[in-house]
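Worksheet: one structure, shown below.
To find a chain, count down the sequence lines: A is the first, B the second, and so on, and within it residues start at 1. Because only heavy atoms are used, hydrogens play no part in the values below, and waters and symmetry mates are left out as well, while side chains stay in. Being a predicted model, the structure only gives us computed values, none of them experimental.
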2 protein chains.
Amino acid sequence: MSTITLGIIEDDQLVQESLNEFFNAQAEIDCVLMSSSVEDFLTSIKSLETLPEIILLDINLLGMSGIDGIPLLLNELPKADIIMLTTFEDNDSIYKALCAGACSYLSKKTSLKKIKEAIEVVHKGGSYMSPSIARKIVNSFAPKKNQSNLLTPRQKEIVAEIVDGKSYKMIANDLFVSIDTVRTHIKNIYKALEINSKAELIKKSYDNEL
Amino acid sequence: MSTITLGIIEDDQLVQESLNEFFNAQAEIDCVLMSSSVEDFLTSIKSLETLPEIILLDINLLGMSGIDGIPLLLNELPKADIIMLTTFEDNDSIYKALCAGACSYLSKKTSLKKIKEAIEVVHKGGSYMSPSIARKIVNSFAPKKNQSNLLTPRQKEIVAEIVDGKSYKMIANDLFVSIDTVRTHIKNIYKALEINSKAELIKKSYDNEL
DNA sequence: TGTAATATCACATCATGATGTGATTGTGCG
DNA sequence: CGCACAATCACATCATGATGTGATATTACA
């Protein structure tokens, strides 16, 4: 197996040292750059001969946050894979990091052995998530338990049409009822969901809040 | 650690045997039911004393597909966690299984040791994905390469407000411009995106097609 | 049997959205 | 310099959406 080149952006001195020490002892992984901030990292890579294939990235950094740094890093190193290594495990951070282009997300509690495993997995074109984080991600797909019966079946049909971009007139046609009936349904839907515009309805629908 | 009770739905005789043999040798895991179809499984669990906490589920089954079976299984065993174990690794199967409520997804190539690990991880409230599958999932979050420059920065601001559920009037207020300016922007946005309603705009935005 | 919930329709009114035409200003680029 | 383009504003018009009030028929359940 060829050596994997690694970059690390991490502002905690202790974590830096422990990672450095560990990877120095690993023949398969070569840490080519260690920085305390995204800004530093971006200037430093310009003078490197061998660029990192994998970047371990913290979120809570001096200067720019790791999440905001992802697009910049990918811009400079389009082929690099980014692995988040952070204490933040809230849905929002995870979601934002993945959307920005990170391809793996590890809790800082992860053992060095597992971090190494994750690096190797990512290098092979896969991805590894900490179990707790993977669970949060799958939960974001799963249907809400509050499969709330806020809406009647008929109302859900109407919502489906609206979300599909249909006008009242088209809905009336599709469902073989009058426009006024559609209006009434929508009025009741708005009341049930405590909203008052199509935009909010579509948003709720996409966010699975029905 | 208390014993984990397991159910398996798998129609390949060989896989059944190899799983059975393996788990019989594991003190931590007790396979309480092995079926060849979702239908069989659902009738058989009625006569069980100890219900499975975890279900290993194949997709390609006689009768109902594993994916279609997920809601039925969760209905009977609301506390159970479902782990997919299948050769199907296409995005669509993965997406559908997770949306239906599966909480883990393993390739059939996964070693028995890793399957056991996955069961334990899931039992602790986490989730484990095969690396190749995890990668597909994260890719579904990542931004489209076609970060299309169809819209100007200002137009993107307007879209953000619309998607947020704001009316033209509110947008005009927020951005300190007149309603007519907002109208013009939206007109141009519609032209650029070849659409003609707010609903379609919000849809495109949520589907990352901007 | 009566009441609640659902689904249907009507009429009215005002707000908002969609679309067209036209104009001004500033910025950047070849 | 002149052109393209982004961003701003105005006026006009018609379609659509939001909201209220009221009514009828059906089903479902206590």
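For the pair I202(B) CD1 and dA18(C) P, the interatomic distance rounds to 10 Å; values are reported in whole Å. Put simply, CG on L201(A) is 13 Å from C1' on dA18(D), counting in whole angstrom units. Look at CG on L151(B): it is 14 Å from C1' on dC5(D), rounded to the nearest Å. The nearest whole Å value for the distance from the NZ atom in K166(A) to the C1' atom in dG17(D) is 17 Å. Rounded to whole angstrom, the span from the CD atom of E194(A) across to the P atom of dA18(D) amounts to 17 Å. Going from atom NZ of K156(A) over to atom C1' of dA7(C) covers 16 Å, rounded to whole Å.
One finds no side-chain N or O of Y190(B) lying less than 4.0 angstrom from the OP1 or OP2 phosphate oxygen of dT19(C). For dC5(D), neither phosphate oxygen OP1 nor OP2 lies less than 4.0 angstrom from any side-chain nitrogen or oxygen of T152(B).
Remark: E89(B) engages K109(B) in a salt bridge (Lys or Arg N to Asp or Glu O under 4.0 Å) (not counting sequence neighbours). Not counting sequence neighbours, the partners of D174(B) by the salt bridge (Lys or Arg N to Asp or Glu O under 4.0 Å) test are K166(B). Qualifying side chain to side chain donor-acceptor pair (under 3.5 Å) partners for S130(A), counting only residues two or more places apart in sequence or in other chains: T110(A). Residues forming a ring pair (Phe, Tyr, Trp, His ring centres under 6.0 Å) with Y95(B) (at least two apart in sequence, or on another chain): F141(A). Annotation: side chain to side chain donor-acceptor pair (under 3.5 Å) contacts of S178(B) (sequence neighbours excluded): T181(B).
Across its full length, the helix from dT1(C)-dA30(D) to dG30(C)-dC1(D) shows an angle of 50° between the axes of its 5 terminal pairs at either end, rounded to 10 degrees.
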Donor-acceptor pairs are to be reported for all side-chain atoms of residues 61-79 of chain A against protein atoms at under 3.5 Å, with residues two or more places apart or in another chain.
from   : atom 1 : to     : atom 2 : distance (Å)
S65(A) : OG     : I67(A) : N      : 3.3
S65(A) : OG     : D68(A) : N      : 3.1

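Residue pairs meeting the salt bridge (charged side-chain N to carboxylate O under 4.0 Å, His left out) criterion with at least one member in residues 93-108 of chain B, sequence neighbours excluded, are E10(B)-K108(B), D58(B)-K108(B), D92(B)-K96(B). For residues 29-55 of chain A, no pair satisfies salt bridge (charged side-chain N to carboxylate O under 4.0 Å, His left out), with sequence neighbours left out. Counting only residues at least two apart or on different chains, no ring pair (Phe, Tyr, Trp, His ring centres under 6.0 Å) pair has a member in residues 156-190 of chain B.
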Atom pairs under 3.5 Å: protein N/O with N/O of nucleotides 24-30 of chain D:
none

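DNA chain D is contacted by V177(B), S178(B), D180(B), T181(B), T184(B), H185(B) of residues 167-188 of chain B, taking any non-hydrogen atom closer than 4.0 Å.
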